[in-house]
Amino acid sequence: MTKADLILIGAGLSGAAFLAHLLRDHRGLRGRVAVVEPSSRLGAGLAYGTEDPAHRVNVAAGRMSLFPDRPEHFLDWLAASGALARDPGARGADGTLHPRRIAFGAYVDESLRAEIAASSVQVEHLRTAAIAVSRTGRGWQVALGGGATIDAPLLVLAVGHTAPDLPGVLAGLAGDPRLVADPWRPDALARIAADAPVLVVGTGLTGCDVIASLRLRGHRGPIVAVSRRGLLPRPRTRLPVEAWGDFTDPVCATALSLLRRVRAAIAEAATLGRPWEDVIAQLRVQGGTVWRALPVHERRRLLRHLRPFWDVHRFQCAPQIDAVVRAGLSAGWLSVMAATPVSATPDGALLRVGLRSRGGGGRETRTVAVAAIVNCTGPGHRSVVETHPVLHSLAAAGHLRADPCRLGIDVDLDSRVLDAAGRAWPGLFVAGPLARGTHGELMGLPQVALQPRAVAATVAALWPAESQHRTRDG
Ligand SMILES: Cc1cc2nc3c(=O)[nH]c(=O)nc-3n(C[C@H](O)[C@H](O)[C@H](O)COP(=O)(O)OP(=O)(O)OC[C@H]3O[C@@H](n4cnc5c(N)ncnc54)[C@H](O)[C@@H]3O)c2cc1C
């Protein structure tokens with residue numbers, strides 16, 4: 001295929017959700033779609049391609065449907081596929097199901113393939129990476145890894161997450177086998193000896209995953225985990241969650257007034273016997289409106305001061321992972337500190353890392369000697385426009401720019417990419433978390449199914465009329 005009606009670059013969860021909705025919600029479409037995705041599995045991506053048995057979905061399975069209008073879809077698949085029977089640890093102590101992430105990836109892959117089979121659209125999966133995109137008279141030309149090119153009037157970018165940025169202070173250790181710069185690489189932890197003292201930089205979901213993975217592999221050495229504020233994902237209180245409160249009438253114009261509103265809502269919820277999760281759930285539902293009402297400088301303030309608190313309330317661990325982390329804290333093999341690494345130097349077999357504690361007056365207050373450092377600072381979205389070859393090629397030609405908060409790519413409300421001058425391209429879209437700068441909360445389900453579904457509806461409305469006359473094989 002050298003010409004298509006649509007090219008989709010990247011088929012992790014966002015790309016798969018986009019395509020599944022395009023085919024399912026717009027059954028009458030005909031024509032050709034080229035899916036450029038190196039992985040054999042569609043929909044797995046970074047989060048759901050992992051084969052590490054410690055890695056579990058952090059949202060209960062009952063809330064992880066690919067199709068928001070069929071909430072039981074994943075649960076039904078789990079039961080029918082036998083995946084649950086093969087994973088007896090999936091049910092947590094609280095009764096909720098948190099299967100392995102790879103099972104969710106298999107579910108998305110199978111669901112998408114079923115939609116492809118039922119559709120009149122010819123979908124071709126090109127198992128290679130896109131390396132650059134350029135503008136042509138009619139649309140876009142994508143250069144592929146093997147040297148081929150493919151053209152289409154419509155292009156959806158769903159390239160998702162890049163490896164974490166390396167904190168500057170660890171840059172001198174780049175290439176040192178004792179530094180795990182990207183914890184998402186398969187077998188990233190394989191070289192860490194079972195009794196090695198380990199420093200985990202970052203205490204969010206990835207940091208907790210790494211701690212649980214190390215323990216499952218038999219690691220028994222001490223682990224120190226640090227982050228700016230030393231906050232761990234909050235344990236769950238009560239399920240099911242029911243969104244409660246209101247943050248849109250009126251909307252807040254500053255980060256501080258939003259914080260006060262959230263605190264007041266949590267206090268009021270408590271008087272009604274509701275858990276704080278209900279308020280956070282409502283904030284997620286209304287997140288786009290809340291985010292867009294803030295001027296850019298207030299969005300930045302929110303990211304700088306409130307994001308760590310948002311992250312630990314919004315992103316909760318699977319109960320199985322939470323149990324390992326809490327057990328480590330009470331047994332003493334794990335310690336968590338509010339501290340930032342300020343120096344890192346090799347010392348024989350060890351690495352000496354200077355840590356500046358929060359509240360330490362800017363001085364180095366402690367040194368730890370570890371045999372390995374694992375960088376768990378989260379996806380490198382801040383630099384993605386520079387580091388991802390496709391985005392870089394588009395940005396260099398002035399066709400795309402980073403959003404003002406550096407969460408990803410600047411798009412309009414329909415998720416159309418904005419060029420360097422802020423004009424929206426009619427046929428160039430972003431599906432998934434890289435559109436967060438405009439939409440606000442857009443990291444996990446259900447948002448990573450809802451936003452791609454909206455993109456699919458916009459794309460279907462633009463579908464080239466001449467392609468409607470083509471047969472599936474023509
Ligand atoms: C570790 C982790 C765990 C998570 N766990 C959960 C969870 O349990 N529950 C939940 O609701 N949310 C979870 N999330 C959040 C959410 O589901 C993710 O944000 C989701 O992975 C978004 O998928 P994506 O397709 O946008 O990105 P990705 O998963 O990064 O997929 C991007 C795809 O694009 C492809 N690609 C990249 N560059 C190119 C190129 N040049 N050419 C061709 N293809 C390319 C990649 O191969 C990849 O398959 C998790 C996120 C992470 C990072």
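All values derive from a computational prediction rather than experimental measurement. Counting starts at 1 for both ligands and their atoms, following the listed order. Each residue takes its place number in the sequence, starting with 1.
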Which residue and atom name correspond to the protein heavy atom nearest [atom], and how close is it?
atom: atom 16 (C) of ligand 1; answer: M443 O, 2.8 Å
atom: atom 46 (C) of ligand 1; answer: E37 OE1, 3.5 Å
atom: atom 24 (P) of ligand 1; answer: S14 OG, 3.3 Å
atom: atom 37 (C) of ligand 1; answer: V159 O, 3.6 Å
atom: atom 11 (O) of ligand 1; answer: L445 N, 2.9 Å
atom: atom 38 (N) of ligand 1; answer: H388 NE2, 2.8 Å
atom: atom 29 (O) of ligand 1; answer: L46 N, 2.8 Å
atom: atom 4 (C) of ligand 1; answer: A47 CB, 3.6 Å

Under 3.5 Å: donor-acceptor pair, side chain of S393, backbone of V390: yes

Sidechain-backbone polar pair: S415 side chain, V411 backbone, donor-acceptor under 3.5 Å: no

[X]: heavy atom below 4.0 Å from ligand 1, yes or no?
X: S39; result: no
X: P379; result: no
X: H98; result: no
X: F104; result: no

Distance-only side-chain donor-acceptor flag, T162 / H388, under 3.5 Å: no

Donor + acceptor pair across side chains of Y107, H73 (<3.5 Å): yes

Within-cut-off N or O pair, [X] and ligand 1, under 3.5 Å:
X: A129; result: no
X: H161; result: yes
X: A431; result: no
X: R56; result: no

Ring centers of W140, H399 separated by less than 6.0 Å: yes

Centroid separation H21 to H26 less than 6.0 Å: no

Which of the numbered atoms in ligand 1 are under 4.0 angstrom from any heavy atom belonging to [X]?
X: A158; value: 32 (C), 33 (C), 34 (O)
X: W184; value: 1 (C)
X: V59; value: 9 (N), 10 (C), 11 (O)
X: L13; value: 17 (O), 23 (O), 25 (O)
X: N58; value: 5 (N), 6 (C), 7 (C), 8 (O), 9 (N), 10 (C), 13 (C)
X: A130; value: 40 (C), 41 (N), 42 (N), 43 (C)
X: P38; value: 43 (C), 44 (N), 47 (O)

Pairwise side-chain contact, L155 with V133, heavy-atom cut-off 4.5 Å (strictly under): yes

Within-4.5 Å side-chain heavy-atom neighbours: D25 and F67: no

State whether [X] and [Y] are salt-bridged, where the test is any N-O pair (Lys NZ or Arg NE/NH1/NH2 against Asp/Glu carboxylate O) under 4.0 Å.
X: E242; Y: R274; value: yes
X: D87; Y: R56; value: yes
X: R41; Y: E110; value: no
X: E277; Y: R284; value: no

Worked verdict on R234 versus D311 for salt bridge (charged side-chain N to carboxylate O under 4.0 Å, His left out): CA-CA 9 Å; R234 291 282 183 272; D311 282 353; over 6 Å; no

Proximity of H55 to ligand 1 by residue part, where a heavy atom lies under 4.0 Å: neither

Stepwise salt bridge (charged side-chain N to carboxylate O under 4.0 Å, His left out) check, D410 with R416: CA-CA 8 Å; D410 212 3; R416 287 176 227 258; over 6 Å; no

